[in-house]
Number of protein chains: 2
Amino acid sequence: MEISYKEKTFFTNKDLALSVIGGRWKIAIIWCLLQQSPLRLSEIQSYLPEVNQRMLIRQLRELEEDKIVTRVVYPVVPPKVEYQLSEVGLLLEPVVTSICDWGDHFRTFLEENSAETSGK
Amino acid sequence: MEISYKEKTFFTNKDLALSVIGGRWKIAIIWCLLQQSPLRLSEIQSYLPEVNQRMLIRQLRELEEDKIVTRVVYPVVPPKVEYQLSEVGLLLEPVVTSICDWGDHFRTFLEENSAETSGK
DNA sequence: CGGCATCCGACAAGATACTG
DNA sequence: CAGTATCTTGTCGGATGCCG
């Protein structure tokens, strides 16, 4: 069994943060919910077609347990469930933004590199 | 065989970024190299005792391939190898910082929550 | 529609022993 | 010290079927 952060008081901030958002698809999910909110499961799926449903649900559950994401179930037929970021979850916006910004830098870096290589 | 980002031109910035720094221990490694640079393998290990050596080496290799980290080998006995962040790698500082900052927020959030729970 | 359960193959990760 | 080889364990992902 895994030891949750609740038992680990000696975590550094980065360890604590990574234990929560370090999951394979979590940043991507949070990114979606920053783009648009609330979102239904099927909508998240269309944002992230590369993630299979089982994984998506798992990661959503974990985010929900950690109170990053809130899940609202409407008792209707057919079922309707909406996901959105909690208050702490919304505070992740700078994280996602900085990652996207860096992605931009990195893309530029790659292009410069390939230009050098092809221009020899 | 895995398709590298080099063949994928349709990536969004976030996908590109995550494909590079999304590895399980990569943020942690980059964090180390931001604390102190250069670092030897054994030093990184002491920073990150929870990561086993094989994984550490793998992730370092991947970061090296993506030109995030540079690896310098000194031809001496006993062997000496130093790792440090490249220029693009150093640009990841805001990412790591924002993650740590959020970790701080989240810790506060947890403490407030447990205070509520225990104080009922 | 949202979600869980199951089976199954592929591969990532962990522990440990070993080499130059 | 840095890194490899090997074996075991665990996680991921697809497919499929079932339920409210």
Side-chain angles (χ1 to χ4, degrees), chain A residues 1-5 8 15 18-29 32-33 36-66 68-85, chain B residues 1-5 8 15 18-30 32-33 36-66 69-85:
Chain A
M1 176 193 159
E2 200 178 332
I3 297 173
S4 101
Y5 56 79
K8 290 210 180 187
D15 291 328
L18 289 178
S19 73
V20 175
I21 61 169
R24 184 154 179 190
W25 303 109
K26 288 184 181 172
I27 292 288
I29 292 173
C32 292
L33 291 171
Q36 190 187 326
S37 213
L39 281 176
R40 305 181 60 168
L41 178 63
S42 52
E43 295 173 318
I44 302 179
Q45 280 186 280
S46 61
Y47 267 111
L48 306 173
E50 71 273 22
V51 187
N52 76 36
Q53 182 180 280
R54 197 165 46 105
M55 267 301 112
L56 202 53
I57 292 173
R58 260 201 221 175
Q59 305 260 308
L60 278 166
R61 285 282 184 282
E62 290 183 16
L63 289 170
E64 192 192 350
E65 281 170 24
D66 290 335
I68 309 300
V69 161
T70 53
R71 178 167 165 270
V72 181
V73 183
Y74 296 89
V76 295
V77 180
K80 178 176 175 179
V81 179
E82 286 185 344
Y83 294 92
Q84 59 186 313
L85 292 169
Chain B
M1 173 193 157
E2 197 179 334
I3 298 174
S4 97
Y5 55 79
K8 290 211 182 186
D15 291 328
L18 289 178
S19 74
V20 175
I21 60 170
R24 184 152 180 190
W25 303 110
K26 288 185 182 173
I27 292 287
I29 292 173
I30 290 159
C32 291
L33 291 171
Q36 190 186 329
S37 212
L39 281 177
R40 304 180 61 167
L41 178 64
S42 51
E43 294 173 316
I44 302 179
Q45 281 187 279
S46 60
Y47 267 110
L48 306 173
E50 70 273 22
V51 188
N52 79 35
Q53 185 179 277
R54 197 174 57 102
M55 265 301 109
L56 202 53
I57 292 173
R58 260 207 218 174
Q59 305 260 309
L60 278 166
R61 286 280 186 284
E62 290 182 18
L63 289 170
E64 191 193 350
E65 281 170 25
D66 291 334
V69 160
T70 53
R71 177 167 165 271
V72 182
V73 183
Y74 296 89
V76 295
V77 180
K80 178 175 175 177
V81 178
E82 284 185 344
Y83 295 91
Q84 59 186 315
L85 291 170

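Just so we're clear, the structure is a prediction, and the values are computed from it rather than from any experiment. Letters A, B, ... are given to chains in the order of the sequence lines, protein chains preceding strands, and every chain is numbered from 1.
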Calculate the interatomic distance between B/Gln59 atom CD and D/dG3 atom C1'; express it in whole Å. 16 Å

Let me test you: for the helix from C/dC1-D/dG20 to C/dG20-D/dC1, what is the angle between the axes at its two ends (five pairs each), rounded to 10 degrees? 40°

Taking atom P of C/dA12 as reference, at what distance in whole Å does atom NZ of B/Lys26 sit? 11 Å

Show me the donor-acceptor pairs within less than 3.5 Å that the side chains of residues 48-55 of chain B make with the rest of the protein, sequence neighbours left out.
residue, atom, partner, partner atom, Å
B/Asn52, OD1, B/Arg54, N, 3.1
B/Asn52, OD1, B/Met55, N, 2.9
B/Gln53, OE1, B/Gln45, NE2, 3.4

List for me each residue that meets side chain to side chain contact (heavy atoms under 4.5 Å, CB included) alongside A/Pro38, sequence neighbours excluded, and say none if there are none. A/Glu82, A/Gln84

Just call it for B/Tyr74: base, sugar-phosphate, or nothing, with non-hydrogen atoms closer than 4.0 Å on any strand. nothing

Along nucleotides 15-20 of chain C, 5' to 3', which nucleotides get a B, which get an S, and which get a -, given that the test is a protein heavy-atom distance under 4.0 Å? B----B

Going by salt bridge (charged side-chain N to carboxylate O under 4.0 Å, His left out), name the residues that satisfy it together with B/Glu43, two or more places apart in sequence or in a different chain. none

Examine D/dC1: is either OP1 or OP2 under 4.0 Å from a nitrogen or oxygen in the side chain of B/Tyr83? Give yes or no. no

Salt bridge (charged side-chain N to carboxylate O under 4.0 Å, His left out) with B/Glu64: which residues, sequence neighbours excluded? none

Got a sec, which pairs hit salt bridge (Lys or Arg N to Asp or Glu O under 4.0 Å) with one end in residues 20-30 of chain B, sequence neighbours left out? B/Lys26-B/Glu62

Does C/dG14 have its OP1 or OP2 closer than 4.0 Å to a side-chain nitrogen or oxygen of B/Trp25? yes

Residues of residues 39-48 of chain B with a heavy atom under 4.0 Å from any atom of DNA chain C, listed by number, are none

Rounded to the Å, how far apart are B/Met55 CE and D/dT4 P? 13 Å

Looking at side-chain heavy atoms only, is the closest gap between B/Leu41 and B/Tyr83 below 4.5 Å? yes

So, is A/Arg58 near the phosphate of D/dT11, with a side-chain N or O under 4.0 Å from OP1 or OP2? no

A/Val76: what forms a side chain to side chain contact (heavy atoms under 4.5 Å, CB included) with it, not counting sequence neighbours? A/Tyr74, A/Lys80

Just jot down the side chain to side chain contact (heavy atoms under 4.5 Å, CB included) partners of A/Val73, sequence neighbours excluded, or say none. A/Arg71, A/Val81

Roughly how many Å is it from CG in B/Leu56 to C1' in D/dA2, rounded to a whole number? 11 Å

